[in-house]
Amino acid sequence: MKIFHTADWHLGKLVQGVYMTEDQHYILQQFIQAIDEEKPDVIIIAGDLYDRSMPPIEAVNLLNDVLAKIVLEKKIPVLAVAGNHDSAGRLNFGSRLMRDSGLYIKGQFTKNHAPIVLNDQHGEVHFHLVPYAEPATIRNIFEDESIRSHQDSMRKIIEHITEDMDTSKRHVFVGHAFVTKYGEEEANTSDSERPLSIGGSDCVNAALFKPFHYTALGHLHKAHFVLNETIRYAGSILKYSLSEHLHEKGFLIIELNEQGNTTVSKRKLVPRRDLRVIEGQLEELLTFTPSEDYVFVRLTDKISVTSTMERIRSVFPHAMHVERKVLRQDMPRELQVVEAEKLEDIDLFRSFFTDIIGIQPDEDTERLFTEMLQELLDEERETVK
């Protein structure tokens with residue numbers, strides 16, 4: 001069976017004040033073209049179809065058009081789960097009606113779990129759709145007070161699934177979670193990945209997925225495998241933050257053979273506009289070849305420059321952000337980072353203060369702000385330690 005594994009479409013995403021809907025439409029047309037070329041048997045979307053629980057109408061229409069083209073015109077089944085950005089109830093609405101057309105969307109986890117069974121020339125493949133759910137929700141569903149973390153929740157769900165699992169069949173898990181190699185805390189791969197929990201661990205141990213021949217995950221925006229090559233994140237379809245500027249976006253093609261062994265390849269998606277970082281002095285950047293890309297600009301000028309965004313956009317009309325990068329070479333590297341953070345934040349503060357009050361902040365106001373900011377940074381770093 002040939003499976004397309006994609007995730008984290010985040011339709012309706014707003015990046016630095018720019019709606020990405022046109023870029024998402026462009027990239028999803030490539031995805032549809034790949035369907036025509038590769039002819040998959042099934043498509044998995046592992047959560048975060050939308051970027052928010054109440055997406056703009058343009059995002060809803062885009063998802064509707066894409067799914068209609070895949071399911072109704074091309075007759076290829078789509079299996080999707082809700083992610084932490086989605087509204088579980090909205091995605092779940094009409095799911096029983098849509099199943100008959102080949103669109104299987106699981107917005108909410110229920111105790112009466114049953115796999116979606118699809119067939120190929122070798123027999124049945126059982127797909128287990130597990131949408132994102134808070135530990136409290138799973139605790140209530142199973143009436144189990146011991147469930148307190150995402151790890152507890154996933155362990156309980158998988159125990160429930162495997163109770164009646166037919167081990168003679170092939171099994172694919174589809175979920176949306178923060179899965180790590182040993183269930184230990186790891187840094188997110190993108191600033192646009194919303195934390196799954198506040199004040200507690202949101203990590204899930206990859207070893208839990210051992211019963212499945214392939215595990216298709218969503219949530220982390222960088223494509224990679226966890227623990228072994230059968231447990232994978234497809235990554236997002238576009239770059240949605242500065243922290244993703246080095247990612248290569250695309251989707252995964254999985255070939256599942258008769259024994260349940262998998263081969264995985266990645267197909268890249270080429271955006272309408274790349275999202276990248278450029279760095280240098282302003283006058284140097286103004287000599288660059290004009291580009292339509294989304295750019296984040298780091299200025300290295302040692303003296304103040306004026307009208308930076310206006311001038312940058314004469315060369316990069318879709319520039320998203322400009323910041324000054326001034327690092328003192330006589331400082332330790334960790335303090336240089338703090339200095340850079342303070343510089344960027346003070347620039348933002350000055351802009352905000354001027355917009356609200358109508359005048360530039362005086363020295364005492366700026367000093368008070370930087371002192372408060374430094375206290376917060378110190379507290380944050382002590383917490384991390």
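Model, not experiment: these values are computed from the prediction.
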ask   = How long is the span from the OG1 atom in T230 to the CZ atom in F209, to the nearest 0.5 Å?
value = 10.5 Å
query = Does the distance from a Lys or Arg side-chain N to an Asp or Glu carboxylate O, for R324 and D301, drop under 4.0 Å?
reply = no
query = Hey, quick one: are L11 and M20 part of the same hydrophobic cluster, counting side-chain heavy atoms closer than 4.5 Å, chains of contacts allowed?
reply = yes
query = Do you know which two heavy atoms are closest between A223 and A234, and how far apart they sit?
reply = CB-O, 3.3 Å
query = Okay, side chain of D152, backbone of R148: is any donor-acceptor separation there less than 3.5 Å?
reply = yes
ask   = Taking 4.0 angstrom as the limit, do E244 and K249 come out as a salt bridge?
value = yes
inquiry  = With clusters defined by side-chain heavy atoms of hydrophobic residues (ILVMFWY) lying less than 4.5 Å apart, directly or transitively, does V125 cluster with I116?
reply    = yes
message = A side-chain contact here means heavy atoms from C-beta on lying under 4.5 Å apart; do I253 and P40 qualify?
response = no
inquiry  = Test side chain to side chain contact (heavy atoms under 4.5 Å, CB included) on V172 and I44; report intermediate values, then the result.
reply    = CA-CA 10 Å; V172 175; I44 290 171; 4.1 Å; yes
task = Could you verify whether a donor N or O on one side chain and an acceptor N or O on the other, from T137 and N140, lie under 3.5 Å apart?
result = no
ask   = Just checking, any donor-acceptor pair under 3.5 angstrom between side chains of D48 and H176?
value = yes
message = Minimum heavy-atom separation for D86 and G83, please, with both atom names.
response = OD2-N, 2.7 Å
Could you pull out all donor-acceptor pairs under 3.5 Å where a side-chain atom in residues 59-74 meets a protein atom, sequence neighbours excluded?
from, atom 1, to, atom 2, distance (Å)
N61, ND2, I57, O, 3.4
K74, NZ, D36, OD1, 2.7
K74, NZ, D36, OD2, 3.4

key: Under 3.5 Å: donor-acceptor pair, side chain of H85, backbone of D51   = yes
ILVMFWY network linking I157 to F212, side-chain heavy atoms under 4.5 angstrom = yes
task = Enter the distance from S265:OG to E38:CD here, rounded to the nearest 0.5 Å.
result = 7.0 Å
ask   = Does D274 use its side chain to pair, donor to acceptor, with the backbone of R276 at less than 3.5 Å?
value = no
note = Looking only at heavy atoms, the pair that brings L275 and L242 closest together is CD2-CA, 4.3 Å
Connected via hydrophobic side-chain network under 4.5 Å: M320 and F316 = no
Main-chain N/O of P271 paired to K239 side chain as donor or acceptor, under 3.5 Å = no
request  = Starting at OG1 of T300, measure out to CD of Q281 and round the result to the nearest 0.5 Å.
outcome  = 4.5 Å
task = Show your working on side-chain hydrogen bond (donor to acceptor under 3.5 Å, both in side chains) between H5 and Y214 and close with a plain yes or no.
result = CA-CA 11 Å; H5 171 196; Y214 183 77; 2.9 Å; yes
message = Please check this pair: side chain of N205 against backbone of L208, looking for a donor-acceptor N/O pair closer than 3.5 Å.
response = no
Expected output: side-chain R52 to main-chain G12 donor-acceptor under 3.5 Å = yes
query = Looking only at side chains, do E292 and Y294 share a donor and an acceptor under 3.5 Å apart?
reply = no
task = Report yes if the side chains of R272 and H25 come closer than 4.5 Å at any heavy-atom pair, otherwise no.
result = no
inquiry  = Could you tell me if the side chain of I231 sits less than 4.5 Å from the side chain of L217, heavy atoms only?
reply    = yes
request  = Sequence neighbours left out, what pairs pass salt bridge (charged side-chain N to carboxylate O under 4.0 Å, His left out) with at least one residue falling in residues 97-123?
outcome  = D120-R170
ask   = What residue pairs, at least two apart or across chains, pass ring pair (Phe, Tyr, Trp, His ring centres under 6.0 Å) with a residue in residues 101-126?
value = H113-H128, H126-H171
query = Taking atom CD of E163 as the centre, does the number of heavy atoms from other residues, nucleotides or ligands within less than 6.0 Å exceed 12?
reply = yes
query = Is it the case that more than 12 heavy atoms not belonging to E22 sit under 6.0 Å from its CD atom?
reply = no
key: Backbone N/O of V179 and side chain of Y233: donor-acceptor pair under 3.5 Å   = yes
ask   = Which heavy atom in A319 sits nearest to a heavy atom in M309, and how many Å separate them?
value = CB-SD, 4.0 Å
ask   = Got a sec: does the CD of E363 have more than 12 other heavy atoms crowding it under 6.0 Å?
value = no
inquiry  = Could you check, using the six-membered ring where one of them is a Trp, whether H10 and Y240 have ring centers closer than 6.0 angstrom?
reply    = yes
request  = Tell me, with the steps shown, if F178 and V204 meet side chain to side chain contact (heavy atoms under 4.5 Å, CB included).
outcome  = CA-CA 6 Å; F178 191 177; V204 173; over 6 Å; no
query = Taking NZ, NE, NH1 and NH2 as the nitrogens, is one of them in K2 or D41 under 4.0 Å from a carboxylate oxygen of the other?
reply = no
Min side-chain heavy-atom separation Q30-V270 under 4.5 Å = yes
message = Using 0.5 Å steps for rounding, measure from the CZ atom of R232 to the CG atom of L227.
response = 12.5 Å
ask   = Does G218 offer a backbone N or O that forms a donor-acceptor pair with the side chain of D8 under 3.5 Å?
value = no
task = Answer yes or no: is there a side-chain heavy-atom contact under 4.5 Å between L118 and M1?
result = yes
request  = Give a yes-or-no answer on whether the side chains of R273 and S291 include a donor-acceptor pair shorter than 3.5 Å.
outcome  = no
query = Any salt bridge between E310 and R313, counting N to O under 4.0 Å?
reply = no
key: Minimum heavy-atom distance G107-A82, with the two atoms named   = O-CB, 3.6 Å
Donor-acceptor pair, side chain of D293 and main chain of V295, under 3.5 angstrom = no
inquiry  = Checking V81 against Y132 for the side chain to side chain contact (heavy atoms under 4.5 Å, CB included) test, could you report, in this order, the C-alpha distance in whole Å, the side-chain angles of both residues, the deciding distance, and whether it holds?
reply    = CA-CA 8 Å; V81 299; Y132 171 78; over 6 Å; no
request  = Indicate, with yes or no, if I76 and L28 share a hydrophobic cluster defined by side-chain heavy-atom contacts under 4.5 Å among Ile, Leu, Val, Met, Phe, Trp and Tyr.
outcome  = yes
ask   = CD/E134 to CD1/I147 distance, rounded to the nearest 0.5 angstrom?
value = 13.0 Å
inquiry  = Are the side chains of V297 and V277 in contact, using a 4.5 Å heavy-atom criterion?
reply    = no
I237 and F251, any side-chain heavy atoms less than 4.5 Å apart = no
task = Say whether, by atom type as modelled, one donor and one acceptor occur between the side chain of T365 and the main chain of P361 under 3.5 angstrom.
result = no
task = Hey, could you give me the CD1/CG distance between I3 and L252, rounded to the nearest 0.5 Å?
result = 11.0 Å
query = Which atoms form the tightest heavy-atom contact between I43 and F31, and what is the distance?
reply = CG2-CZ, 4.0 Å
ask   = Do Q29 and Q33 have side-chain atoms, one donor and one acceptor, less than 3.5 Å apart?
value = no
Stepwise side chain to side chain contact (heavy atoms under 4.5 Å, CB included) check, F142 with E159 = CA-CA 11 Å; F142 288 102; E159 287 175 355; over 6 Å; no
key: Within-4.5 Å side-chain heavy-atom neighbours: I45 and V174   = no
message = Within a 6.0 Å radius of atom NE2 on H160, are there more than 12 heavy atoms belonging to other residues, nucleotides or ligands?
response = yes
